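To find a chain, count down the sequence lines: A is the first, B the second, and so on, and within it residues start at 1. Worth saying up front: this structure is predicted, and the values here are computed from it rather than measured.
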Amino acid sequence: MNISICRTYSDRERLDKTVSVLKTVSAVIKEETNVVDPVFIIAYDSSIGVNFNYIDCPAWNRKYYVRNITAMPGSRLAIACHCDVLSSFKNGIRAAAAVIDKQEVDDIANKYIDDGDYVMECKNTLQVYQFGAGFANQANILITAGG
Amino acid sequence: MGYPIEWLYGWYSGFVGALQAELGAQYTYENKDDFDAAWGGMPSIDGGEFLDEFLADTAGSALGISPVLPMTVDTDDGPKGVYATGKLISDVTSTAVTVSIDGFWTAIPWNTIVAEALMANNYKILPNKLQITCAKIASQITGRVITDTSNLYVTGKVLKDASDNLISTVKGYCLQGIINGAAAAGLLESMALDDYEIDEEVEIPEAPSGAALSVLAFYALTSAIINKPERMFDNADLKSLSSQISIQSLASAMLSKYDLTQPGWYNVDAFCSLNDGVAAITLSVCKILPSMVKAFKFTGHGITNNTMTCAVQDNNDQWYNAWSQAYGIGISNSIALRMDGLHDLGSVGNAFYSGIGFAYEGGSTPYDVYHSVASNILSKTVIAPEIERHDIDTWGPTREAHAIDELWPGWAARSVPNVGIDADAKVWFPTRDYPIGIDEADVANPAGTIAKPYDDVQAGTVSGEKTGAIGATDEVIEDTDVRTIDPPISIPKPSPKPKPTPTPVIPIVPTITAQRLYTVHSVSQSELNALGAYLWSSDFISLIENMFNEPIDAVIGLHTLYYGSSLPLGSSETIKLGAISATGCTGTRVTNQYTNIDCGSVAIPEYWHNAEDYAPYTDAEIFLPFIGFRKLDINEIMGGSVYLKYGIDIYTGACVAMIGVMRDGISQMLYSYEGNCAVQQPVTSADYSRIIGGILSAGVGIATGGVGAAVGIAGALTSHKINYSRSGNFSANAGASMPKTPYIIISRPMAYDAPSYSHFYGYPANWTVTLGSCSGFTRVKDVHLDQIACTDVEKEEILTMLKAGVIL
């Protein structure tokens, strides 16, 4: 099958990774493998060397992190991978309904929820709001018998 | 000699008047086309040439042509024909040449200033260097009266026909130099004014005479307000502050607060007074764009050559000062910069071209870092590190506008229209259009393609250079796992509001009078003295003996009552003691036993606009005259208006304070506390003993409360917050010594969020949406992944990662 040899600098936590495709090569699967942690064997290409860290496998509809690269006899490379589940299934993930615990964007975040993560300094500030009127006058009140 | 104000805008006043006559009230524009249409056929008026020349010059600058242009110059001994600029520059930069400007101290090397101004005028703008030079020089002359500078001399020759542009440029630079110099010399510090409250009218005390000092006074005010954010923002209300002072408004200035952390309608007003006394109010707004959702400024300007100042707060709560100066055109010139040095400039307001602006970080050393907008943007990595440095020597104002266009395409379209001349105009600020840190381009491409490669480089992922070096092409690999996906779930946010019910109201005081058993009068001190004399007169004693043991027994009570604005009083009449009219003794009859005081209401605004504004973080107490301090539940009053009324029994002084809250359109009476606002006056010895006994009892109560409070404090030390009492109860006699106006004390904590907290950790949400509705850092409590065709192991990993937090 064909796989694309890529490089990415993006965080693993990103669904949308910025990926540079270096070359599309033919690969075979090493021995028994599984779709989550496969090992691909490709011919060594000096123009790429081992300066890649990401694999796109269109045949399996998956993208993979490169966990390790092993040099093999016959100028071949064995590439141990692990599925990038976030990028591989990002459309499905985005369509999923979820109860959001934390969110960066204010539109969805509710800062009035106190989940205990607010960090406060010890010092307080006092603010005084004075009313506009009070006991402004005084009078002598005399109460006498009769009337 | 002696045109202190005219120096500042000199020819400009006539220019302004003519312009106003020409354009009337319509001198704000929504776009450059309107501006061009209005200004294209501008009549030839005094000073108008400046605009033409300026535009022509800057247009030439924008094209990068004619680094040295000839200048036609006449001197006072006759025309000199074409005076090559190169020669002029050479002349004025020569140490043998004396350059002077009328009114300025001639014993300073103005040649340097003028030379650089000339270079600026000939399309080699060196504003920074020039201003620094000016600052150094001007520090020597601060305080001197600046007079008219209509003539520019070179080697004693008047350059009569030196372009207005040149002279204006020199003037402007010199003025700024003076200001800078004064600041550098520390003179502004000594003139700094006190801190001000929000919306406080600020009067400049004893504005110094003379233009220079007036300017300094203005700048001192500006300095106090703008350049000292650490002072100004001590006030908890000043989270979002903008201030605008026009240089013409030496007599007063208004601080305006625009709390724009929430979208809404805001009044935006600004003012300036022209030197001819014609007040002009113009309004302008600056749209708050995504990257500045927590920031704000600013300002409005009319047809004046004034200076605009603003304070800007970025998303990391860092305050910056931004300062820009219109180039005499008088067009709203608003530039809001995001200056955290990490991201694109996020906001540009109404600016048809930028002029040269200056920005420096507040809170550090003012005036030290002083760059033009263009140079700042293009040459200083602090602003836009990804932008190639340009040769700022060739940059003029128009080029700067071009630079902004290059850096932030479409910035002009982002601006919002001026709202016209209407002091009550309201402008909708659509804040939070997009999430913080997300550019519109990203929003427009929900697939998440990131336009700029390597934006999200993860340090340490792979060593080595970026792949561009080996000719790789960047592309985003699309997800090929296409499945039929249920439409996004749209769940409206709940908006719980209490259903309106009949609102409890403070009752109307009853009208009760027992007119035949006793009589209540309000008596003045003289009336009281007259009554005392009458009581102990021999005639009265002989009459009263038939009814009472003692004459004073006819007096049931006497106290000093504290009240609000008025008492229910009838007419003055002769006081009766039993059945006897006290001849010569009068008082004003009290017609109702009860009265009340409406103390008004105070708004308790949110400050942090999050949970920190509520318990247990924020506390509230109210001081009630004649009652003492009482706790209020901050959760009940925050964001509302607290109103207070006292009901008073005039006969006894018993009073009850009724505290209510108006919030969400509903008024609720929530608290009531009892006290006494009458100070009993001893009429007999028995009365005196009773009063003293009452006071002592109150004292024992206070002491007991104090011990209890101490125990309470000890116990509370183990809990989250310490409870304490600011005072105990006090009797009316003691309450008379306390403040008579109630107030509320809000104790706010100081929040301390790490920079970019939400980017790394997010804020609480507890909300059900499709994940596609989210962006940025997201952590889920739970999610159903039914529609994803993947292995169970992969689903578990997805679930684990979503619960740990991902970046959508």
Between [options], which shows the greatest number of heavy-atom pairs under 4.5 Å with chain A?
options	result
B/V783, B/D786, B/V793	B/V783
B/G587, B/S566, B/C774	B/C774
B/S601, B/G653, B/A582, B/P742	B/P742
B/G564, B/G762, B/P749, B/P764	B/P764
B/V780, B/V806, B/I744	B/I744
B/I604, B/I650, B/T791, B/N766	B/N766

Heavy-atom side-chain proximity of B/I788 to A/N91 below 4.5 angstrom
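SC-SC contact between B/I788 and A/N91 ruled out.
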Does a donor on one side chain and an acceptor on the other come within less than 3.5 Å for B/Y617 and A/D114?
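The criterion, which ignores hydrogens and geometry beyond distance, is satisfied for A/D114 and B/Y617.
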Could you look at [X] and say if it's the side chain, the backbone, both or neither that has a heavy atom under 4.5 Å from chain A?
X	answer
B/D598	backbone
B/T588	neither
B/F760	neither
B/E527	neither
B/A603	backbone

Might you point out which heavy atoms bring [X] and [Y] nearest each other, and give the distance in Å?
X	Y	value
B/M801	A/R12	CE-O, 3.9 Å
B/A765	A/Q103	CB-CB, 4.2 Å
A/F89	B/E794	CZ-OE1, 3.6 Å
A/F131	B/T741	O-CG2, 3.3 Å

Side chain A/T144, main chain B/K576, donor-acceptor under 3.5 Å:
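Answer holds: yes.
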Distance (rounded to the nearest 0.5 Å) between [X] [atom1] and [Y] [atom2]:
X	Y	atom1	atom2	value
B/L558	A/I143	CG	CD1	9.0 Å
A/I113	B/W767	CD1	CH2	9.5 Å
B/L802	A/E13	CG	CD	11.0 Å
B/T770	A/I93	OG1	CD1	13.0 Å
B/I746	A/Q127	CD1	CD	7.5 Å
B/R748	A/K123	CZ	NZ	16.0 Å

Under 4.5 Å heavy-atom distance to chain B, tell me which part of A/N34 shows up: side chain, backbone, both or neither.
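No part of A/N34 comes within 4.5 Å of chain B.
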The single option from B/L531, B/T519, B/V520 passing side chain to side chain contact (heavy atoms under 4.5 Å, CB included) against A/L142:
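So the option named by the test is B/L531.
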Hey, which of A/V35, A/L15, A/L86, A/I100 has the most heavy atom pairs under 4.5 Å with chain B?
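The candidate making the most pairs under 4.5 Å is A/I100.
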Interface residue of largest heavy-atom contact number with chain B, from A/D101, A/D117, A/V85, under 4.5 Å:
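Winner by heavy-atom pair count: A/D101.
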Using a heavy-atom cutoff of under 4.5 Å, enumerate the residues of residues 134-141 of chain A that contact chain B, numbered in order, or state 'none'.
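Within residues 134-141 of chain A, the residues under 4.5 Å from chain B are A/G134, A/F135, A/A136, A/N137, A/Q138, A/A139, A/N140, A/I141.
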